[in-house]
**Student:** 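Have a look at this one before I ask anything.
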Amino acid sequence: MALKAVKGFNDILPDESRRWQYIEQTARRVFELNGFGEIRVPIVEKTELFSRSIGDATDIVEKEMYTFTDKGDNSVTLRPEGTAGVMRSFIENKIYALDPIAKLYYMGPMFRYERPQKGRYRQFHQIGAEITGVNDPLADAQLLNMLTLFFREISLTEPTLQINSLGCPECRPNYRRALQQFLQQRIETLCDDCKRRFTTNPLRTLDCKIPGCAEATAAAPSVLEHLCNECDNHFNSVKRYLDLSATPYSINSRMVRGLDYYTRTTFEMVTGLLGSQSAVAAGGRYDGLISQLGGPSIPGIGFAMGLERVALLLENKDFTSNPELFIATIGSSERDMAFTLMDGLLKSGIRVEMDCESKSLKSQMRRADKLKCRFSVVIGENEIATGKAVFKRMEDGLQSESALTVDGIKLLLGAVK
RNA sequence: GUGGCCAUGGUGAAGCGGUUAACACAUACGACUGUGACUCGUACAUACGAGGGUUCAAAUCCCUCUGGCCACCCCA
């Protein structure tokens with residue numbers, strides 16, 4: 001039996017790949033416009049980096065990482081997300097020494113051992129961006145504007161922005177306590193998972209989809225009412241900046257995060273078009289992360305988006321491009337001429353195809369049609385003798401004569417456009 | 001990790017115990033001698049996800065495995 005790819009690991013074939021390139025190119029353009037520079041970090045990191053940043057008790061670290069011991073007896077892990085590695089590099093290369101304000105973006109594969117589903121694979125790809133060194137809510141708003149601009153630039157209106165604030169280490173415990181008090185009275189109506197979450201991570205009960213839990217937590221206190229003054233001001237400023245730039249958003253006070261490092265502003269770009277994979281991009285502030293990883297006390301904020309999910313939203317868009325000219329030949333000596341001509345045209349940036357196998361004229365024309373070439377030309381004895389040929393516009397059969405030279409053909413292709 | 005549905009050629013699929021495994025599209029070549037698209041002809045699964053079993057006989061029934069999709073979970 002023929003070998004197959006590993007479950008959850010996919011091949012990206014040329015048609016799909018064009019879609020990806022479009023997304024990547026647009027991201028690069030929009031991010032560079034906003035002053036971000038690309039950082040390329042390794043795919044493998046020490047396991048400890050992820051357990052320290054993402055959080056020991058999170059699902060990602062507990063059961064989804066591709067962790068193994070290398071031949072030097074080190075525990076290493078295929079990165080399950082991008083921020084940790086970028087921040088490790090930020091600290092290790094002392095990027096902050098030059099300027100604590102760094103604007104970095106990255107793109108590449110991530111790995112999580114999950115049950116594959118549409119829009120969710122074991123090797124998946126993220127494009128992310130981070131801003132370090134700015135506490136001010138202006139940074140939050142700038143990042144959100146950039147994300148919004150990106151989706152506008154790829155002509156998608158579907159994912160919409162939701163924002164929330166999770167508070168800081170000062171005020172979050174208060175909220176946690178208040179929420180637990182609230183849940184205490186209805187703990188019996190909660191599902192088993194939520195009973196467990198009650199102690200481990202009470203905030204998670206808020207987005208449980210079991211009807212009983214949704215009902216029980218419907219009147220739960222909101223994080224936003226428990227923010228300390230600083231966090232409250234911060235969140236209000238973020239909203240004000242978003243209003244100033246007319247960036248559309250809605251507030252979702254029940255939005256929670258799966259990674260432990262988030263503080264204050266959190267956000268998601270959500271869509272209803274991908275079933276249960278509703279988050280297309282997500283992120284937030286992580287003011288404690290850099291120091292937690294042994295770096296200086298520098299704040300940060302960032303997001304990551306799922307390339308597969310964005311690509312899914314772009315599925316009906318066509319990214320194919322067609323050759324300008326197909327050169328068909330009659331005899332073998334004519335192929336020399338055709339080959340030289342093709343070479344010359346390619347060197348001037350014109351997309352040309354010719355037949356490689358000396359097939360019948362009919363097959364060659366069929367191929368020209370199949371490849372959706374804009375023009376075709378037949379080179380035979382007569383053409384060689386006169387140095388001219390008839391070019392046929394495939395769409396309507398219109399014929400025009402031109403010299404069989406690179407310049408002549410360029411002129412023709414330009415003129416008939 | 002849990003549950004449900006599914007698995008026939010390049011693609012969409014019919015077949016539900018004995019068939020040359022239908023049909024359509026796609027593909028290749030030709031009819032049309034130096035011109036595609038339309039039309040017509042010919043070719044194209046020893047093969048029904050893999051491995052076992054039941055049977056005189058299996059793509060069709062049973063078991064196991066693998067993969068896909070959907071929901072949960074989790075998350076981008």
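The chains referred to below are lettered A, B, ... by the order of the sequence lines, with proteins before strands, and numbering in each begins at 1.
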**Student:** Going 5' to 3' through nucleotides 27-38 of chain B, assign each nucleotide B (protein heavy atom under 4.0 Å from a base atom), S (under 4.0 Å only from sugar-phosphate atoms) or - (no protein heavy atom that close).
**Tutor:** SSBBBB-BBBB-
**Student:** In which ranges does RNA chain B form stems of 3 or more consecutive Watson-Crick or G-U pairs, distances under 3.5 Å?
**Tutor:** B:1-7 with B:66-72, B:10-12 with B:23-25, B:27-31 with B:39-43, B:49-53 with B:61-65
**Student:** Using the P atom in both, what is the distance from B:G67 to B:U55, to the nearest Å?
**Tutor:** 31 Å
**Student:** Would you check if there is a donor-acceptor pair between the side chains of A:Y249 and A:D243 at a distance under 3.5 Å?
**Tutor:**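 Side chains of A:D243 and A:Y249: pair found under 3.5 Å.
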**Student:** What interatomic distance, in whole Å, is found between P of B:A37 and the corresponding atom of B:C44?
**Tutor:**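 Rounded to whole Å, the distance is 23 Å.
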**Student:** What's the gap between B:A14 and B:U60 when it is taken at their C1' atoms, as a whole Å value?
**Tutor:** 13 Å
**Student:** Do A:D140 and A:R285 come within less than 4.5 Å of each other through their side chains, counting heavy atoms only?
**Tutor:** yes
**Student:** Taking atom P in both B:G51 and B:A58, compute the distance separating them and give it to the nearest angstrom.
**Tutor:** 15 Å
**Student:** Could you tell me how far B:U19 sits from B:U11 if I compare only their C1' atoms? Round to whole Å.
**Tutor:**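 B:U11 and B:U19 have their C1' atoms separated by 24 Å.
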**Student:** For residues 201-227 of chain A, pull every pair meeting ring-ring contact (aromatic ring centres under 6.0 Å, His included), keeping only residues two or more places apart or in separate chains.
**Tutor:** A:Y175-A:H226
**Student:** Could you encode protein contacts along nucleotides 69-76 of chain B as a string, one character per nucleotide from 5' to 3', using B for base contact, S for sugar-phosphate-only contact and - for no contact, with a heavy-atom cut-off of under 4.0 Å?
**Tutor:** -SBBBBBB
**Student:** Quick one: side chain to side chain donor-acceptor pair (under 3.5 Å) partners of A:E24, sequence neighbours excluded?
**Tutor:**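 None.
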**Student:** Compile the donor-acceptor pairs under 3.5 Å between side chains in residues 400-416 of chain A and protein atoms, sequence neighbours left out, one pair per line.
**Tutor:**
unit_1, atom_1, unit_2, atom_2, d
A:S402, OG, A:G408, O, 3.3
A:T405, OG1, A:G408, N, 3.0

**Student:** Work out how far the C1' atom of B:G49 is from that of B:A57, and round it to whole angstrom.
**Tutor:**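 B:G49 and B:A57 have their C1' atoms separated by 23 Å.
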**Student:** Does A:F267 have any ring-ring contact (aromatic ring centres under 6.0 Å, His included) partners at least two apart in sequence or in another chain, and if so, which?
**Tutor:** none
**Student:** Before accepting this row, confirm whether a basic side-chain N of the pair A:R29/A:E153 lies closer than 4.0 Å to the acidic partner's carboxylate O.
**Tutor:**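 A:E153 and A:R29: salt-bridged.
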**Student:** Show me the side-chain donor-acceptor pairs of residues 86-93 of chain A shorter than 3.5 Å, one per line, residues at least two apart or across chains.
**Tutor:**
unit_1, atom_1, unit_2, atom_2, d
A:R88, NE, A:E92, OE1, 3.0
A:R88, NH1, A:E45, OE1, 3.0
A:R88, NH1, A:E45, OE2, 2.6
A:R88, NH2, A:E92, OE1, 3.3
A:S89, OG, A:N93, ND2, 2.9
A:N93, ND2, A:S89, O, 3.0

**Student:** In residues 28-38 of chain A, which ones come under 4.0 Å of RNA chain B, going by heavy atoms?
**Tutor:** none
**Student:** Heavy-atom distance under 4.5 Å between the side chains of A:V280 and A:L313, does that happen here?
**Tutor:** yes
**Student:** Going by ring-ring contact (aromatic ring centres under 6.0 Å, His included), name the pairs with one or both residues in residues 358-383 of chain A, residues two or more places apart or in two chains.
**Tutor:**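 Applying ring-ring contact (aromatic ring centres under 6.0 Å, His included) to every pair that reaches into residues 358-383 of chain A, excluding sequence neighbours, yields nothing.
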**Student:** Distance alone, cut at 3.5 Å: any donor-acceptor contact between the side chains of A:Q292 and A:S53?
**Tutor:**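 Per modelled atom types, A:Q292 and A:S53 side chains form no pair under 3.5 Å.
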**Student:** Any pair with a residue in residues 315-357 of chain A that passes ring-ring contact (aromatic ring centres under 6.0 Å, His included), sequence neighbours left out, goes on the list, sorted by first then second residue, please.
**Tutor:** A:Y22-A:F319
**Student:** Expressed in whole Å, how much space separates the C1' atoms belonging to B:A45 and B:G10?
**Tutor:** 11 Å
**Student:** Between B:G68 and B:U27, how far apart are the C1' atoms? Round to whole Å, please.
**Tutor:** 26 Å
**Student:** Got a list of side-chain donor-acceptor pairs under 3.5 Å for residues 343-351 of chain A, not counting sequence neighbours?
**Tutor:**
unit_1, atom_1, unit_2, atom_2, d
A:D343, OD2, A:K347, NZ, 2.7
A:S348, OG, A:G344, O, 2.9
A:R351, NH1, A:S321, O, 2.7
A:R351, NH1, A:S321, OG, 3.1

